[in-house]
Protein chains: 2
Amino acid sequence: MTTEQTHAQSNAEMRDKLTQQLRDRGLRLTPQREKILEVFFNLPEGDHLSAEELHQRLKSHHLDISLATSYRTLKLLVSVGALRELDFSEDHKHYELSRNPEAPHHHIICSGCGKTEEFESPEVLQLAVNLLREKRYKLTDVQLKLYGLCQDCCDDEPD
Amino acid sequence: MTTEQTHAQSNAEMRDKLTQQLRDRGLRLTPQREKILEVFFNLPEGDHLSAEELHQRLKSHHLDISLATSYRTLKLLVSVGALRELDFSEDHKHYELSRNPEAPHHHIICSGCGKTEEFESPEVLQLAVNLLREKRYKLTDVQLKLYGLCQDCCDDEPD
DNA sequence: GTGCTTGCAAAATGTTTGCAAGACG
DNA sequence: CGTCTTGCAAACATTTTGCAAGCAC
């Protein structure tokens with residue numbers, strides 16, 4: 001992996017890399033898979049979707065891709081490293097583009113209203129790299145979640 | 001890293017505090033709730049259970065507590081801060097005793113075999129405290145998850 | 001063709017809920 | 001009593017799967 005390119009890869013680059021990774025596994029970049037990826041590319045950085053949200057978004061673009069295919073594709077894209085699977089404390093998972101696997105961002109989650117904010121932390125990443133090297137793990141993702149009550153929810157809550 | 005008195009509270013302390021917290025909310029420490037807590041108290045530190053695992057464990061102790069009650073109790077105990085809710089990338093949540101809320105521990109998760117390891121990190125905690133103070137959140141939990149492939153799974157995987 | 005992929009509907013999980021009966025202060 | 005709790009079964013939400021049909025190399 002190149003250390004000089006510290007920022008996210010371009011869409012074209014990601015696409016090429018992805019196609020290759022799929023080919024290597026004897027899989028295809030079908031129209032459905034492309035469309036799903038497109039949704040994620042068009043998502044503001046730091047944003048994330050659940051399977052249901054993805055499906056709704058496809059629908060609103062008049063793309064009839066079944067929910068089952070959405071689920072299957074999400075799983076597939078996670079397995080090739082194109083998407084990152086996030087779970088906040090909800091009943092479903094969220095997915096976002098792995099824009100920059102070298103510098104994964106983290107989340108602040110309000111337990112009151114479910115709002116999320118993103119932040120990066122080179123310190124945490126460094127700590128993760130060192131720790132897993134020491135323990136002889138091959139690092140694949142670092143997810144730090146800070147749960148709290150945002151200012152609005154502190155006021156709301158009678159607690 | 002220091003084994004000081006400021007570490008986890010004793011079971012008796014936790015119990016008292018908990019009873020009080022429940023009372024304050026007009027709730028009861030029923031036999032079922034006590035039994036469930038007992039299971040967690042008897043769990044090796046760092047260990048965690050899913051709702052189903054808890055239910056099985058109760059059953060094996062000849063305690064007929066319904067699965068619904070297990071779920072309800074888990075939720076309740078989380079809401080009063082007695083338990084911590086964890087979600088690894090599985091289809092169910094895990095719960096563990098909040099032994100020391102001041103120094104939450106974190107997890108290394110093998111994506112291959114699902115094995116988990118615990119570790120503490122004062123640095124991460126400090127970072128969380130500072131960041132959330134700055135953003136005016138009331139911090140409730142810090143969860144760092146490091147995903148990777150353990151040595152065994154690296155060997156196994158043909159990848 | 002062969003084998004990957006899709007859509008559909010059904011199934012499988014994990015979790016929550018309505019309700020009547022029970023327990024407790 | 002009134003209210004909190006429980007167990008049961010049904011409901012619910014999310015995700016997975018079997019299968020037949022479709023598509024790509």
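First the proteins, then the strands, lettered A, B, ... as listed; each starts at 1.
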**Student:** CG of D91(B) versus P of dT16(D): gap in Å, rounded?
**Tutor:** 8 Å
**Student:** Can you tell me how far OG of S121(A) sits from CD of E123(B), rounded to the nearest 0.5 angstrom?
**Tutor:** 11.0 Å
**Student:** Over all heavy atoms of both residues, which pair between C150(B) and C110(B) is shortest? Give the atoms and the distance, please.
**Tutor:** N-SG, 3.4 Å
**Student:** Need to verify one output field. Residue with the more 5' nearest nucleotide on DNA chain C, Y95(B) or L29(A)?
**Tutor:** L29(A)
**Student:** Can you give me the first and the last nucleotide of DNA chain C (5' to 3') that has an atom within less than 4.0 angstrom of a non-hydrogen atom in chain A?
**Tutor:** dG3(C) to dC8(C)
**Student:** Quick one: which of dT5(D), dT15(D), dT6(D) gets closest to the side chain of R28(B)?
**Tutor:** dT5(D)
**Student:** About how many Å separate CG of L22(A) and CG of L76(A), when rounded to the nearest 0.5 Å?
**Tutor:** 5.5 Å
**Student:** Taking the ring of F88(A) and the ring of H94(A), is the distance between their centroids below 6.0 Å?
**Tutor:** yes
**Student:** So, the side chain of H106(B) versus the backbone of L144(B): is there a donor-acceptor pair under 3.5 Å, distance only?
**Tutor:** yes
**Student:** Map L27(A) and L67(B) onto DNA chain C by nearest heavy atom, then report which one ends up closer to the 5' terminus.
**Tutor:** L27(A)
**Student:** How many whole angstroms separate atom CD of E34(A) from atom P of dA24(D)?
**Tutor:** 12 Å
**Student:** Please determine if a side-chain N or O atom of R33(B) lies less than 4.0 Å away from the OP1 or OP2 oxygen of dT5(D).
**Tutor:** yes
**Student:** Rounding to an integer number of Å, can you tell me how far L54(A) CG sits from dT14(D) P?
**Tutor:** 14 Å
**Student:** Would one find a side-chain N or O of K75(A) under 4.0 angstrom from OP1 or OP2 of dT15(D)?
**Tutor:** no
**Student:** Rounded to whole angstroms, how far apart are CZ on R72(A) and P on dT14(D)?
**Tutor:** 19 Å
**Student:** Are any of the side-chain nitrogens in R84(B) or D141(B) under 4.0 Å away from the carboxylate oxygens of its partner?
**Tutor:** yes
**Student:** Which part of the nucleic acid, if any, lies within contact of E52(B), taking any heavy atom under 4.0 Å across all strands shown: a base, the sugar-phosphate backbone alone, or nothing?
**Tutor:** nothing
**Student:** Tell me the interatomic distance from E85(A), atom CD, to dT14(D), atom P, rounded to whole angstroms.
**Tutor:** 15 Å
**Student:** Would you mind reading off the distance between K35(B) atom NZ and dT6(D) atom C1', rounded to a whole angstrom?
**Tutor:** 15 Å
**Student:** Rounded off to whole Å, could you give me the CD-to-P distance for the Q32(A) and dC23(D) pair?
**Tutor:** 10 Å
**Student:** Within the supplied structure, the quantity of interest is the number of heavy atoms (other residues, nucleotides, ligands) at a distance under 6.0 Å from K115(B) NZ; does it exceed 12?
**Tutor:** yes
**Student:** What is the separation between atom NZ on K93(B) and atom C1' on dT14(D), rounded to the nearest whole Å?
**Tutor:** 11 Å
